[in-house]
**Student:** 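Please see the structure below; I have some questions.
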Amino acid sequence: MQDALTRFAGPVCFLDCDSIIRPGFHAEVTAKMAAGVVMNIFERKNPYPPLSGFRCRLPHLGDYHYDVTASAMYNSGLIGVTPEHLQVLDDTLAMIDALIGRPRNFPPSSNLP
């Protein structure tokens, strides 16, 4: 997504390959992306309780800690962003890199509820 945002300097929408596109999808996503980030449906609060206490420093946001009361998980089957969101993607990748070094505290996906 970072490459596409940088290369094309315009909105980018990522879809899972099993997504079903209905008439009007492009117009609806385009309109919603004008107001901000587009994400798929909300799934749950505190999706990874074992991460309680996780902290890292993100390049743009700064100090981050996993907050069990505020953390939310959305289905990643649809993500729509604009070039203005490149910093969010930088922070996301930095967080993923920090999590990769914590395998004992981050359960494999097969153990998630």
Side-chain angles (χ1 to χ4, degrees):
M1 291 188 72
Q2 282 181 311
D3 179 64
L5 286 169
T6 303
R7 186 180 305 197
F8 302 112
V12 172
C13 185
F14 167 85
L15 289 172
D16 278 349
C17 63
D18 63 349
S19 297
I20 297 171
I21 306 300
R22 293 197 165 94
F25 173 80
H26 182 266
E28 183 178 354
V29 168
T30 300
K32 288 182 177 179
M33 285 177 66
V37 172
V38 175
M39 293 287 296
N40 208 342
I41 60 172
F42 170 78
E43 289 195 5
R44 65 178 153 232
K45 290 277 208 176
N46 190 21
Y48 301 107
L51 287 180
S52 178
F54 170 77
R55 296 177 180 279
C56 66
R57 178 172 287 278
L58 303 175
H60 303 286
L61 184 62
D63 290 335
Y64 168 84
H65 75 278
Y66 183 85
D67 183 339
V68 296
T69 60
S71 293
M73 179 174 153
Y74 291 82
N75 183 301
S76 63
L78 168 79
I79 302 171
V81 292
T82 63
E84 292 78 28
H85 300 110
L86 275 167
Q87 291 184 347
V88 174
L89 295 175
D90 288 341
D91 284 346
T92 301
L93 291 173
M95 183 183 300
I96 291 168
D97 288 345
L99 287 169
I100 287 172
R102 298 174 50 88
R104 291 185 316 270
N105 296 327
F106 192 66
S109 59
S110 61
N111 294 340
L112 295 177

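Here the structure is a predicted model, which means the values were calculated and not measured.
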**Student:** Is M95 reachable from Y48 through a run of I, L, V, M, F, W or Y residues, each pair having side-chain heavy atoms under 4.5 Å apart?
**Tutor:** yes
**Student:** Say you draw a straight line from CD1 of I20 to CZ of F25; how long is it, rounded to the nearest 0.5 Å?
**Tutor:** 12.0 Å
**Student:** Apply ring-ring contact (aromatic ring centres under 6.0 Å, His included) to F42 and list each qualifying residue two or more places apart in sequence or on a separate chain.
**Tutor:** Y74
**Student:** How many angstroms lie between atom CG of N40 and atom CG of L78, to the nearest 0.5 angstrom?
**Tutor:** 5.5 Å
**Student:** If you round to the nearest 0.5 Å, how far is CZ of F54 from OG of S71?
**Tutor:** 10.5 Å
**Student:** Run the side-chain contact (heavy atoms from CB on, under 4.5 Å) check on I21 and L15 step by step: do they pass?
**Tutor:** CA-CA 10 Å; I21 306 300; L15 289 172; 3.4 Å; yes
**Student:** To the nearest 0.5 Å, what is the distance between OG1 (T69) and CG (D67)?
**Tutor:** 3.5 Å
**Student:** Can you confirm whether the side chains of Y66 and N46 place a donor and an acceptor under 3.5 Å from each other?
**Tutor:** yes
**Student:** Give a yes or no on whether L61 and L51 share a hydrophobic cluster (residues Ile, Leu, Val, Met, Phe, Trp, Tyr; joining criterion: side-chain heavy atoms under 4.5 Å apart).
**Tutor:** yes
**Student:** What closest approach, in Å, do L5 and G10 show between heavy atoms, and which atom pair accounts for it?
**Tutor:** CD2-O, 3.3 Å
**Student:** Does some side-chain heavy atom of Y64 sit less than 4.5 Å from a side-chain heavy atom of R55?
**Tutor:** no
**Student:** When rounded to the nearest 0.5 angstrom, what distance separates SG in C56 from CG in D91?
**Tutor:** 8.5 Å
**Student:** Considering non-hydrogen atoms only, spot the tightest contact between A70 and K45 and give its length.
**Tutor:** O-NZ, 4.0 Å
**Student:** Name every donor-acceptor pair, under 3.5 Å, that has one atom in a side chain of residues 79-90 and the other anywhere in the protein, sequence neighbours excluded.
**Tutor:**
from	atom 1	to	atom 2	distance (Å)
T82	OG1	E84	OE1	2.6
T82	OG1	H85	ND1	3.1
H85	ND1	T82	N	3.0
H85	ND1	T82	O	3.4
D90	OD1	Q2	NE2	2.5
D90	OD2	H60	NE2	3.0

**Student:** Are M1 and L93 in one and the same hydrophobic cluster, where Ile, Leu, Val, Met, Phe, Trp and Tyr link if side-chain heavy atoms are under 4.5 Å apart?
**Tutor:** no
**Student:** Rounded to the nearest 0.5 Å, what separates atom OG in S52 from atom NE2 in H65?
**Tutor:** 9.0 Å
